[in-house]
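Here's the structure, in C-alpha cells; my notes come after.
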Amino acid sequence: MQKYDVKKEHAALYSPSATTFSDVVVPPLNYLAVDGEGDPNTAPAYAAAIEALFSTSYTIKFASKAQGRDFVVGPLEALWTADDAGAFVLRAKDSWRWTALINQPEWITEDDVATALSTVAAKKQNPALTLTRLITLDEGRSIQILHVGPYDDEGPTLARLHDEYLPQNGLTFNGLHHEVYLSDARRTAPQKLKTVLRQPVRPY
C-alpha cells in the first residue's frame, strides 16, 4: 500500500532553503483546522487545538488505511494574524490570532471527518473537537524560508521578509502568515527546531 505523504508530494513547500527566500506556488490543499487566539505557549485553547487535530488526524488515518488508502499524518501547521502586523516581529503573543492546521489527503471527506470527530469525542473530552473542521487553503504564490532555531528568534527573518524582500521585489501580503513545524518541540532542542515561514504574496 503506497502512503500519501504531503512532505514528499509537495517537497518544495516543506524543504525550503534556510539561507535564501524561495518563491513558490502553493496549490489548494485540504486541512483539519481549529481557530483560536492568545499566546500559544500559555493559552489552554492552543494545547487543546493541537490535541484535537492530532487525535482526529490519526483516527482518520486508521479508518482510511482500513479502506485501502494510507497516509502519513502531516506536521502541525498554523496561520497567524494580529491587528498589528508588527506583533509578530515584536513577539507580542497575547495579541495573536491563530488557525492550527494538519494537512489531509484530497480523498478525505466531510463525512470522514465527522465520523472521526465522533469517535474521538467518545473517548476524551476536548472543547476543541467542536471547533475542528475541514477546510481548503488556496495560498497561491508565496515567499518562504526555513527558520532553524527557537520560535522567538524568527523576528529578524520576518522583518527582513516584510521590510526588505517584499518591497524590493514589488510584492505585498496576500494572505495570512503561515508556519509549518517540521520538528516536534517536545523532543527537539530549541536551537535545532525547523520551521517553514511562508507568506502568500501578490504584486502591489
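- For Arg160, there are no salt bridge (Lys or Arg N to Asp or Glu O under 4.0 Å) partners at least two apart in sequence or on another chain.
- By the ring-ring contact (aromatic ring centres under 6.0 Å, His included) test, Tyr181 is found to be paired with Tyr151, residues two or more places apart in sequence or in another chain being considered.
- Sequence neighbours left out, the pairs with a member in residues 26-46 that pass salt bridge (charged side-chain N to carboxylate O under 4.0 Å, His left out) are Asp35-Arg133.
- Sorted by first and then second residue, the salt bridge (charged side-chain N to carboxylate O under 4.0 Å, His left out) pairs involving residues 168-177 (not counting sequence neighbours) form an empty list.
- Considering only residues two or more places apart in sequence or on other chains, Leu131 meets the side chain to side chain contact (heavy atoms under 4.5 Å, CB included) condition with Val34.
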Please table the atom pairs, donor to acceptor, closer than 3.5 Å between any side-chain atom in residues 40-54 and protein atoms at least two apart or in another chain.
unit_1, atom_1, unit_2, atom_2, d
Glu51, OE1, Asn126, ND2, 3.1

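- For the salt bridge (charged side-chain N to carboxylate O under 4.0 Å, His left out) condition, the pairs that include at least one residue of residues 191-204, sequence neighbours left out, are Glu139-Arg198.
- The ring-ring contact (aromatic ring centres under 6.0 Å, His included) search around Phe21 returns Tyr165, not counting sequence neighbours.
- The side chain to side chain contact (heavy atoms under 4.5 Å, CB included) check on Asp184 picks up Arg186, Arg187, with sequence neighbours excluded.
- Within the structure, the ring pair (Phe, Tyr, Trp, His ring centres under 6.0 Å) test picks out no pair touching residues 22-41 (sequence neighbours left out).
- Under the rule for a side chain to side chain contact (heavy atoms under 4.5 Å, CB included), Ser118 has no partner lying at least two apart in sequence or in another chain.
- Applying the salt bridge (charged side-chain N to carboxylate O under 4.0 Å, His left out) test to pairs two or more places apart or on separate chains, those with a residue in residues 4-18 are Asp5-Lys7.
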